[in-house]
Amino acid sequence: MTMATDVFGELAWRGLVYESTEGLREVLAREKVTLYIGFDPSAASLHVGSLLPMMALARMQRFGHSPIAIVGGGTGMIGDPSGKTAERQLLTVDQIDANLAGIRSQLARVLDFDAAANPARIVNNADWLRKLNLLDFLRDTGKHFTVNYMLAKESVKRRLDQEDGISYTEFSYLMLQSYDFLMLYDQYKCTLQMGGSDQWGNITAGCDLVRKLRAGKAHGLVMPLVTTAAGVKFGKTEAGAVWLDPNLTSPFRFFQFWLNTDDRDVVTYLKYFTFLVQDEIQALEAEVRTAPEKRVAQRTLARAVTAVVHGQDAVDRAEHASGLLFGERISELDVDDIIAVFDDVPSTDMPAALFVTSGVAIADLLVATKVAASKGEAMRLVKGGGVYVNNRRVADERARFTAADAIAGRILVLRKGARQYHLVRIEQ
RNA sequence: GGGGAGGUUGCAGAGCGGUCAAAUGCAACAGACUGUAAAUCUGUCGGCCAUGCGCCUUCGGAGGUUCGAAUCCUCCCCUCCCCA
């Protein structure tokens with residue numbers, strides 16, 4: 001048996017079922033449902049954390065269910081207090097609309113909108129929330145929420161204990177999210193909401209609302225939070241969050257992020273973030289045990305995820321670049337090849353006039369490219385042996401570089417630490 | 001309205017007239033080891049010039065006392081706690 005025969009079983013062996021409502025498993029086995037997951041529109045791009053729900057929608061669709069991605073253009077204006085310790089910065093309508101467009105295209109990478117029987121949909125809850133009338137809302141929906149219940153919510157309780165408290169705005173979030181569920185139930189017969197484990201309270205509240213107002217049975221399923229064995233926040237690197245937008249996180253860095261996955265996490269991530277089946281993952285798990293240094297599981301993970309998000313071309317280029325960067329001598333490479341390899345890597349153009357006679361000091365180079373925040377820091381880095389030019393360690397913190405040091409007189413490859421690269425192009 | 005505690009370098013948290021760019025922990029960055037992993041160990045961790053034990057800007061804000069203040073005084077702003 002290489003694949004669970006029912007979605008619920010499939011999700012379960014992948015470790016994606018953190019909690020679910022009674023009877024969901026049977027419902028999913030019996031009928032095709034419409035389900036939804038909400039995505040946060042507070043940025044113009046999703047990051048790797050959102051990959052888990054994205055993949056979840058795709059998995060559901062593969063089993064014949066109809067996925068809806070709801071982008072919270074309405075609720076995004078409010079801000080979900082779940083998992084937040086501080087009040088959110090409110091976004092303007094324009095910002096949110098701009099963000100929606102970006103997110104939409106990213107979701108489109110894993111969802112099939114043209115499937116005949118169960119097409120995926122993306123909806124914006126602003127369509128109904130923005131035109132909501134306060135009095136009607138309070139009478140029809142608000143009546144079904146007791147403040148007692150809302151106060152008991154974990155996310156609210158935590159904020160109540162805090163000095164800053166919680167605003168009425170964010171306090172209302174629960175009702176709005178529940179209202180979304182109700183609207184989707186009405187419009188698309190949507191009977192299942194999924195999300196991260198922090199959404200459990202919001203989701204069950206929605207189920208209750210559907211039951212009270214429509215006498216319908218709605219379900220919820222939440223997935224675990226993605227953790228790292230090392231205890232750091234998932235999806236962060238030295239350079240910050242790992243985004244799905246290639247302009248924010250280059251495919252090369254994206255690929256590298258996955259490739260650098262901890263041995264202890266890699267099997268979990270294969271289950272979470274790829275479509276690989278049980279047999280394949282088990283084989284990789286064995287590989288991690290017997291030959292961890294080969295990093296086969298990490299490589300497979302990086303390939304699979306990068307292919308889904310950026311396409312096979314990006315995978316090929318990232319692997320090619322990785323091979324060159326971590327393998328051969330850079331200075332032996334062809335300039336055009338280097339420029340191609342470093343296509344993804346941040347770069348800075350500097351006028352040729354600077355590179356004549358005495359040249360540019362390494363510290364100035366590091367500051368100009370923002371590899372170091374200050375000259376003092378740059379000096380320290382070099383002194384500590386953490387700076388490389390053209391893959392050669394810079395030994396002297398007062399070293400200067402001229403066009404003669406550049407590859408073909410045009411390119412200096414700066415590197416900080418093991419793998420943070422920056423390309424300096426000398427303008428001709 | 002009354003009483004009390006406090007705001008310190010990313011966070012937490014010492015310092016309470018000079019030896020304070022400010023202990024310690026965490027985070028972060030670099031190095032060693034290694035498998036582009038983890039753990040561990042080492043170093044760094046305001047800025048500038050340069051390499052002197054130099055200069056500049058920092059300890060909620062504005063003034064003041066002093067040869068000298070994060071440390072004392074005055075006023076202001078903000079937070080928390082207790083009482084009403």
Side-chain angles (χ1 to χ4, degrees), chain A residues 84-87 159-167 227-242 249-270 284-285 287-303 305-306 315 317-330 341-342 344-345 358 361-364 366-389 391-400 413-422:
Chain A
K84 299 288 187 304
T85 50
E87 188 83 9
R159 291 278 291 279
L160 284 176
D161 293 339
Q162 248 178 1
E163 33 189 82
D164 299 338
I166 179 169
S167 69
T227 57
T228 62
V232 298
K233 199 172 185 310
F234 172 75
K236 290 276 187 192
T237 64
E238 317 82 58
V242 179
T249 298
S250 68
F252 172 74
R253 283 234 309 278
F254 188 86
F255 182 86
Q256 287 289 324
F257 166 76
W258 295 101
L259 189 62
N260 286 321
T261 301
D262 194 314
D263 288 358
R264 294 169 292 179
D265 293 321
V266 70
V267 172
T268 308
Y269 291 179
L270 282 165
L284 289 167
E285 190 169 7
E287 193 82 30
V288 174
R289 261 198 315 276
T290 56
E293 71 284 357
K294 287 190 181 148
R295 313 168 62 76
V296 178
Q298 277 90 340
R299 192 161 294 277
T300 308
L301 174 69
R303 280 185 187 143
V305 181
T306 308
V315 174
R317 274 188 288 121
E319 287 212 277
H320 181 60
S322 302
L324 294 176
L325 291 179
F326 293 100
E328 305 166 30
R329 290 251 78 91
I330 281 191
V341 163
F342 282 99
D344 285 342
V345 159
S358 61
I362 182 65
D364 293 322
L366 292 170
V367 173
T369 53
K370 301 219 169 63
V371 172
S374 69
K375 290 177 80 169
E377 184 188 318
M379 292 293 213
R380 274 181 245 119
L381 276 171
V382 177
K383 227 180 268 185
V387 174
Y388 306 76
V389 171
N391 266 1
R392 268 252 215 50
R393 175 172 283 168
V394 179
D396 177 9
E397 68 263 28
R398 269 183 292 193
R400 305 185 76 86
V413 179
L414 284 178
R415 190 177 115 212
K416 180 181 102 171
R419 53 187 110 95
Q420 192 182 324
Y421 284 91
H422 194 105

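Throughout, protein chains are lettered first and strands after them, A, B, ... in sequence-line order, and every chain is numbered starting at 1.
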Give each protein N/O atom lying under 3.5 Å from an N/O atom of nucleotides 43-47 of chain B, with the pair distance.
residue : atom : partner  : partner atom : Å
B:G47   : OP1  : A:Ser374 : OG           : 2.9
B:G47   : OP2  : A:Arg380 : NH2          : 2.9

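Both distances falling under 3.5 Å, in either a Watson-Crick or a G-U wobble arrangement, occur for no nucleotide opposite B:C20. The nucleotide B:A14 finds no pairing partner, because no Watson-Crick or G-U wobble arrangement with both distances shorter than 3.5 Å includes it. B:C80 is paired with B:G4 under the criterion used here, namely a Watson-Crick or G-U wobble arrangement in which both key atom distances are under 3.5 Å. In this structure, B:G68 makes no Watson-Crick or G-U wobble pair, since no nucleotide meets both defining distances under 3.5 angstrom.
With sequence neighbours excluded, the residues satisfying salt bridge (charged side-chain N to carboxylate O under 4.0 Å, His left out) with A:Arg299 are A:Glu319. By the ring pair (Phe, Tyr, Trp, His ring centres under 6.0 Å) test, A:Tyr269 is found to be paired with A:Phe234, A:Phe273, residues two or more places apart in sequence or in another chain being considered. By the side chain to side chain contact (heavy atoms under 4.5 Å, CB included) test, A:Ala399 pairs with A:Val394, A:Asp396, A:Phe401, sequence neighbours left out. Legend: residues meeting salt bridge (charged side-chain N to carboxylate O under 4.0 Å, His left out) with A:Lys375, ordered by chain and number and at least two apart, are A:Asp364. With sequence neighbours excluded, no residue forms a side chain to side chain contact (heavy atoms under 4.5 Å, CB included) with A:Ala418. Residues forming a side chain to side chain contact (heavy atoms under 4.5 Å, CB included) with A:Arg289 (at least two apart in sequence, or on another chain): A:Glu285, A:Ala286.
Remark: A:Arg419 is in phosphate contact with B:A37, judged by side-chain N or O atoms under 4.0 Å from OP1 or OP2. For B:G31, one of the phosphate oxygens OP1 or OP2 lies less than 4.0 angstrom from a side-chain nitrogen or oxygen of A:Tyr388. Phosphate contact (OP1/OP2 of B:A32, side-chain N/O of A:Arg393, threshold under 4.0 Å): present.
Nearest to the side chain of A:Asn260, among B:U51, B:G35, B:A37, sits B:A37. Counting only heavy atoms from C-beta on, A:Leu381 has its side chain closest to B:C29 among B:U51, B:C29, B:A50.
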Donor-acceptor list for residues 259-266 of chain A side chains, cut-off 3.5 Å, not counting sequence neighbours:
residue  : atom : partner  : partner atom : Å
A:Asn260 : ND2  : A:Gln256 : O            : 3.0
A:Thr261 : OG1  : A:Trp258 : O            : 2.6
A:Asp262 : OD1  : A:Arg264 : N            : 2.9
A:Asp262 : OD1  : A:Arg264 : NE           : 3.2
A:Asp262 : OD2  : A:Arg264 : NE           : 3.4
A:Asp262 : OD2  : A:Arg264 : NH2          : 2.8
A:Asp263 : OD1  : A:Gln298 : NE2          : 2.9
A:Asp265 : OD1  : A:Ala229 : N            : 3.1
A:Asp265 : OD2  : A:Ala229 : N            : 3.0

Summary of protein contacts for nucleotides 52-59 of chain B, nucleotide by nucleotide, where a base hit scores B, a sugar-phosphate-only hit scores S (4.0 Å, heavy atoms): --------

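Residue A:Leu259 is in base contact, counting any heavy-atom pair closer than 4.0 Å across all strands shown.
A donor-acceptor contact shorter than 3.5 Å links the side chain of A:Thr369 to the backbone of A:Leu366.
Counting heavy atoms from C-beta on, the side chains of A:Arg317 and A:Phe255 never come closer than 4.5 Å.
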